[in-house]
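Notes for the one structure printed next.
Along the sequence shown, residues are numbered consecutively beginning with 1.
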Amino acid sequence: MSSAVLGRLLRLSAVRSGPLSPPSPSTVPGRTGTPSRTAVCTSSGALLPKPKKTPFGLIRIVLVVVPFLYVGTQISKSFAALLEEHDIFVPEDDDDDD
């Protein structure tokens with residue numbers, strides 16, 4: 001009986017919500033899609049100019065990666081200290097066989 005009820009509910013929700021495909025960026029307010037160009041020539045046959053290219057240099061990569069690595073290490077250190085404080089995980093030095 002529960003499977004019959006579940007089946008009816010699923011059909012009802014599918015009918016009310018419409019198709020299961022995700023909404024396109026143009027239909028969702030506040031969202032912009034990545035512009036893409038599929039045409040390479042005009043209707044007269046002339047080639048379109050190359051699209052504008054945004055360089056993503058090493059400096060930009062460093063400016064994004066370094067702060068997030070720093071924040072991640074700080075979170076890890078504080079969580080490890082919390083685990084040691086509550087005796088959940090305490091590393092022991094006796095395991096070294098060197």
Side-chain angles (χ1 to χ4, degrees):
M1 174 166 166
S2 65
S3 63
V5 172
L6 182 62
R8 275 193 229 145
L9 285 175
L10 285 174
R11 275 182 275 163
L12 250 170
S13 66
V15 168
R16 288 185 182 178
S17 65
L20 295 177
S21 64
S24 65
S26 61
T27 60
V28 178
R31 262 195 172 173
T32 59
T34 304
S36 64
R37 187 169 80 171
T38 56
V40 292
C41 61
T42 64
S43 59
S44 65
L47 290 176
L48 293 171
K50 285 186 177 182
K52 181 181 173 187
K53 198 172 198 180
T54 306
F56 200 77
L58 186 62
I59 294 173
R60 290 183 185 176
I61 293 172
V62 169
L63 287 175
V64 171
V65 170
V66 169
F68 284 101
L69 280 176
Y70 180 75
V71 169
T73 56
Q74 295 304 315
I75 292 171
S76 298
K77 283 170 52 176
S78 64
F79 192 67
L82 178 80
L83 290 176
E84 285 184 24
E85 179 181 331
H86 293 287
D87 292 330
I88 296 172
F89 176 76
V90 179
E92 295 183 17
D93 294 334
D94 298 338
D95 294 338
D96 292 337
D97 292 332
D98 296 333

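- Counted within 6.0 Å of CD1 on I59, heavy atoms from surrounding residues, nucleotides or ligands total 12 or fewer; the atom is thus considered open.
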Could you give me the CA-CA distance, side-chain angles and deciding distance for L48 and V40, then say whether side chain to side chain contact (heavy atoms under 4.5 Å, CB included) is met?
CA-CA 6 Å; L48 293 171; V40 292; 5.8 Å; no
Solution key, residues 77-91 side-chain donor-acceptor pairs under 3.5 Å, sequence neighbours excluded:
{"unit_1": "S78", "atom_1": "OG", "unit_2": "Q74", "atom_2": "O", "d": "3.3"}
{"unit_1": "S78", "atom_1": "OG", "unit_2": "I75", "atom_2": "O", "d": "2.9"}

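- Under the 4.5 angstrom side-chain criterion for Ile, Leu, Val, Met, Phe, Trp and Tyr, the cluster partners of I61 are F56, V65, L69.
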